[in-house]
Amino acid sequence: LRAQVRDRANAEPPQPSDPQENHPRPAPQSGHTNGVSRAESPQAIEMNSIHVASRALEKAEKEFGFEHQETANRLSQLAMLYLHYRRPKAVEPLFQHALAIRERKLGPDHADTAASLNHLAMLYDTLGQYAKAELFYKRALKLAEESFGAEHPQTAARLRDLGRLY
């Protein structure tokens with residue numbers, strides 16, 4: 001997994017298809033978002049997003065180590081991008097690795113561990129693996145109730161997620 005992520009992180013970002021377009025991006029202004037032109041292709045935006053998130057993960061691994069909470073955060077962020085761009089096969093190992101780090105470093109009852117459980121539940125829900133999704137949603141809900149209490153917004157969000165499954 002680490003080698004695959006590093007390969008993606010070290011890959012060159014996509015280049016514009018027209019060599020004359022190889023110029024700096026304009027500063028954000030009306031009609032632009034974060035310096036990305038609306039004319040830029042969705043594929044280029046996707047590749048750039050994944051490239052940046054992969055590099056951020058690589059930097060976290062170098063700076064903090066492979067078993068640090070920040071590395072788990074970056075794994076989750078990269079997985080969320082893959083999920084957003086409908087690349088589910090790349091998502092599961094990243095979410096599972098983030099969950100494993102959080103369970104080891106923070107414990108099985110920590111709120112961030114519950115977030116990782118919920119991420120996996122969302123993935124399985126998206127993939128149509130409803131029984132698996134239900135197990136993870138229920139675990140996340142139980143941890144939220146124990147960590148925050150029954151009336152907390154985080155608990156309500158976990159309950160809402162489980163309810164959407166049904």
Side-chain angles (χ1 to χ4, degrees), residues 1-14 28 33-36 45-165:
L1 173 65
R2 288 183 187 126
Q4 291 171 345
V5 169
R6 267 191 220 98
D7 289 344
R8 285 190 297 267
N10 291 328
E12 290 296 316
T33 308
N34 297 327
V36 177
I45 293 170
E46 175 182 339
M47 292 301 297
N48 284 331
S49 298
I50 290 170
H51 178 74
V52 168
S54 295
R55 298 242 358 242
L57 171 59
E58 184 179 75
K59 287 180 181 192
E61 289 175 336
K62 285 180 183 175
E63 185 174 340
F64 303 110
F66 295 108
E67 292 294 314
H68 192 274
Q69 172 64 12
E70 189 57 36
T71 301
N73 291 342
R74 305 279 173 89
L75 284 162
S76 291
Q77 290 166 354
L78 180 58
M80 291 299 277
L81 275 175
Y82 280 127
L83 189 59
H84 174 77
Y85 290 119
R86 297 180 184 0
R87 294 186 183 186
K89 291 183 183 192
V91 175
E92 187 174 25
L94 296 170
F95 276 153
Q96 286 177 338
H97 189 189
L99 174 62
I101 291 170
R102 289 178 173 144
E103 285 180 329
R104 281 191 298 273
K105 294 297 179 180
L106 303 173
D109 299 329
H110 193 276
D112 287 346
T113 302
S116 285
L117 292 167
N118 202 68
H119 289 152
L120 276 163
M122 288 176 4
L123 170 65
Y124 297 134
D125 191 355
T126 300
L127 295 174
Q129 297 176 12
Y130 302 118
K132 228 175 178 179
E134 181 180 25
L135 291 173
F136 281 88
Y137 278 136
K138 284 183 175 180
R139 282 182 61 196
L141 174 60
K142 181 178 181 234
L143 284 178
E145 288 172 337
E146 291 170 358
S147 297
F148 302 116
E151 302 300 319
H152 193 275
Q154 286 292 324
T155 304
R158 300 296 75 85
L159 188 58
R160 178 204 59 219
D161 293 340
L162 178 61
R164 286 181 180 165
L165 180 67

| How far apart are the C-alpha atoms of Phe66 and Leu75, what are their side-chain angles, what is the distance that settles it, and do they pass the side-chain contact (heavy atoms from CB on, under 4.5 Å) test? | CA-CA 10 Å; Phe66 295 108; Leu75 284 162; over 6 Å; no
| Counting heavy atoms not belonging to Arg86, are there more than 12 under 6.0 Å from its CZ? |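 Counting other residues, nucleotides and ligands, CZ of Arg86 stays at 12 neighbours or fewer.
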| Partners of Phe148 by ring-ring contact (aromatic ring centres under 6.0 Å, His included), sequence neighbours excluded? |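 So Phe148 forms a ring-ring contact (aromatic ring centres under 6.0 Å, His included) with His152.
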Taking [Y]'s backbone N and O only, do any of them form a donor-acceptor pair with [X]'s side chain (distance below 3.5 Å, no angle check)?
X: Thr71; Y: Gly65; answer: yes
X: Ser76; Y: Ala72; answer: yes
X: Thr155; Y: Ala150; answer: no

| Will you find, in the side chains of Gln77 and Asn73, an N or O donor that is under 3.5 Å from an N or O acceptor? |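 Note: Gln77 and Asn73 side chains miss the donor-acceptor criterion.
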| query | Going by atom types only, do Glu134 and Tyr124 share a side-chain donor-acceptor pair under 3.5 Å? | reply |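 Side-chain D/A pair, Glu134 to Tyr124: absent.
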How long is the span from the [atom1] atom in [X] to the [atom2] atom in [Y], to the nearest 0.5 Å?
X: Phe95; Y: Tyr82; atom1: CZ; atom2: OH; value: 12.5 Å
X: His84; Y: Ser49; atom1: NE2; atom2: OG; value: 8.0 Å
X: Arg87; Y: Leu81; atom1: CZ; atom2: CG; value: 10.0 Å
X: Tyr137; Y: Arg160; atom1: OH; atom2: CZ; value: 9.0 Å
X: Leu123; Y: Met80; atom1: CG; atom2: CE; value: 10.0 Å
X: Asn118; Y: Asp161; atom1: CG; atom2: CG; value: 4.5 Å

| query | If you look at every heavy atom in Arg74 and Ala56, which pair is closest and at what distance? | reply |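 Closest pair (atom of Arg74, atom of Ala56, distance): NH1-O, 2.8 Å.
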| request: Quick one: closest heavy-atom pair of Ala111 and Ser147, and the distance? | output: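 That closest heavy-atom pairing would be N-OG, 4.1 Å.
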| query | Do Glu92 and Gln96 touch side chain to side chain, with heavy atoms closer than 4.5 Å? | reply |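 Contact flag for Glu92/Gln96 side chains = yes.
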